[in-house]
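Inspection log for the structure reproduced underneath, given as structure tokens.
What you are looking at is a predicted structure, and each value in this text was computed from that prediction instead of being measured. Throughout, residue positions are numbered sequentially from 1 according to the sequence presented. Remember, it's 1-based here, ligands and their atoms both numbered in the order they're listed.
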Amino acid sequence: MKHRILLSSPHMSEEGYEKEFINEAFDTNWIAPLGENVDRFEQELTEYVDIKYAAALSSGTAAIHLALKAANVGEGDIVICQSLTFSATANPIIYQGAIPVFVDSDYETWNMNPEALEEALKKYPEAKAVIVVHLYGLSAQLDEITSICNRYNVVLIEDAAESLGTTYKGQATGTFGKYGIYSFNGNKIITTSSGGMLVSNDEKRIEKVKFWATQSRDKFRHYQHSELGFNYRMSNVLAGIGRGQLKILDDRIQKKRYINSFYKKELSEFSEISFMPENNWSNPNFWLSVITLKTLSSNYLMDELEKQEIETRPIWKPMHLQPFFKDYDYIGGKVSEKLFTKGVCLPSDTKMTDEDLFRVVREIKRVMISCG
Ligand SMILES: *Cc1c(COP(=O)(O)O)cnc(C)c1O
């Protein structure tokens with residue numbers, strides 16, 4: 001029986017850094033919440049991406065939620081959001097009682113189309129925030145998007161859940177907007193099993209986020225609350241895993257890049273297959289290697305690979321096509337929809353050997369040749 005090849009799974013360091021940091025937490029009885037690992041994980045991550053402040057939280061979703069709250073998004077406010085993404089990008093807009101307006105992507109980046117963004121802001125000049133996403137580790141067109149947001153005086157939030165380590169013109173994604181968020185969920189490039197981080201250069205806002213994330217306790221001996229609170233802080237044990245994972249993030253990016261170039265080298269002979277876009281102004285982390293098919297059904301290819309115990313996934317189904325979000329406004333064309341129907345995320349697990357990669361490639365070639 002062949003072992004199953006996975007899309008992307010947790011990969012702890014060979015050196016055992018994560019265990020060392022967890023043991024420290026055990027030895028000092030700083031299990032939860034907060035403690036040394038949380039402070040240091042925040043500090044080490046801010047150094048890595050080069051930003052001033054960070055709040056370690058229980059998930060990337062919690063980080064998006066508190067970014068919206070920090071941006072003063074509330075009941076009835078408009079938030080412009082990339083449609084092609086995971087639902088966790090958009091759900092917190094609803095948590096805040098705000099109204100999403102979805103915008104299309106472009107083929108050049110697969111992320112937010114700046115022209116569609118501008119059209120949305122012309123239609124909704126009162127919008128409070130924009131959420132751009134850097135899908136699969138690809139960077140959005142940040143120069144255009146930040147300048148449009150500045151022109152319309154709207155807060156930019158970057159969902160960099162999938163793009164930790166990706167740079168745009170040499171600067172880390174997640175550090176261009178007023179707020180940026182990262183995720184350390186199980187399948188992300190580094191993981192704490194679950195967790196997230198909110199980053200910003202605004203010290204006061206990050207302080208406030210930490211306050212909200214620990215139940216909004218006012219400074220009294222007794223429990224006193226003058227604001228709504230949340231239980232969103234990262235535990236000290238999980239922050240220990242994060243510190244260990246951060247040490248090997250560059251190794252993981254290197255392996256992800258290797259996987260991508262392996263597929264490219266082996267599969268670019270087929271005119272049926274196109275690879276996700278690469279731009280000379282961006283250095284992606286290649287979290288997932290994603291292809292689109294010209295005429296062949298992506299479901300057929302995924303079924304064939306599944307029969308061989310090879311895990312794949314479609315590209316995210318756009319939010320404006322989701323039953324839950326279908327009644328909200330959408331601005332743009334059919335790019336995100338086409339990417340969804342034509343796209344296949346290939347196994348990008350950093351534990352894969354060359355043998356595993358050849359197995360995936362062999363199977364894809366077999367399908368290509370049998371379909372002419
Ligand atoms: C994973 C992910 C999130 C959510 O992060 P969690 O830590 O799972 O809550 C948000 N946005 C995108 C694009 C993601 O891929």
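- The backbone and the side chain of S59 each have at least one atom closer than 4.0 Å to an atom of ligand 1 (non-hydrogen atoms only).
- Around NZ of K342, the count of heavy atoms belonging to other residues, nucleotides or ligands within 6.0 Å exceeds 12.
- In terms of polar-atom proximity, I181 is not counted as a contact of ligand 1, lacking any N or O under 3.5 Å from an N or O of the ligand.
- The N/O atoms of W287, backbone and side chain alike, include none that comes under 3.5 Å of an N/O atom in ligand 1.
- Between E304 and R366, at least one side-chain N (NZ, or NE/NH1/NH2) sits under 4.0 Å from a carboxylate O, which counts as a salt bridge.
- When hydrogens are left out, the protein atom nearest atom 5 (O) of ligand 1 is S183 OG, 3.2 Å; that is the closest non-hydrogen contact.
- The one candidate from L142, N283, T167, D159 that meets the side-chain contact (heavy atoms from CB on, under 4.5 Å) condition with T173 is L142.
- Across all non-hydrogen atoms, the minimal contact from Q96 to V73 is NE2-O, 3.0 Å.
- Of the heavy atoms in V133, only side-chain atoms (C-beta onward) come closer than 4.0 Å to ligand 1.
- Listed by number with element, the atoms of ligand 1 under 4.0 angstrom from any heavy atom of T85 are 13 (C).
- Heavy-atom contacts of A161 reach the following atoms of ligand 1: 2 (C), 3 (C), 10 (C), 11 (N), 12 (C), 14 (C) (cutoff under 4.0 Å).
- Residue D159 has at least one N or O atom closer than 3.5 Å to an N or O atom of ligand 1.
- Other residues, nucleotides and ligands contribute only 12 or fewer heavy atoms inside 6.0 Å of the NZ atom of K19.
- Interface of T89 with ligand 1, defined as ligand atoms under 4.0 Å from a residue heavy atom, comprises 11 (N), 13 (C).
- Note: an N/O pair closer than 3.5 Å links E162 and ligand 1 by distance alone.
- Checked for salt-bridge contact, R243 and E20 miss the test: no charged N lies under 4.0 Å from a carboxylate O.
- For K210 and E42, the salt-bridge test passes: some basic side-chain N is under 4.0 Å from an acidic carboxylate O.
- Without hydrogens or angle criteria, S289 side chain to S348 main chain gives no donor-acceptor distance under 3.5 Å.
- Residue contact check for ligand 1: G195 places a non-hydrogen atom closer than 4.0 Å to it.
- Interface atoms of ligand 1 facing N185, defined by a heavy-atom separation under 4.0 Å, are 7 (O), 8 (O).
- Of the charged side-chain nitrogens involved, none lies within less than 4.0 Å of a carboxylate oxygen, so that K247 and E44 do not count as a salt-bridged pair.
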Does the side chain to side chain contact (heavy atoms under 4.5 Å, CB included) test come out yes or no for N285 and K256, once each step is laid out? CA-CA 7 Å; N285 70 5; K256 296 274 193 189; over 6 Å; no
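- Close approach of ligand 1 to F86 (heavy-atom distance below 4.0 Å) involves ligand atoms 2 (C), 3 (C), 14 (C).
- The nearest heavy-atom contact from the protein to atom 9 (O) of ligand 1 is T61 OG1, 2.5 Å.
- Taking every non-hydrogen atom of A88 and a distance limit under 4.0 Å, the qualifying atoms of ligand 1 come out as 3 (C), 4 (C), 10 (C).
- Within the set Q82, H134, K188, the minimum heavy-atom distance to atom 2 (C) of ligand 1 is found for K188.
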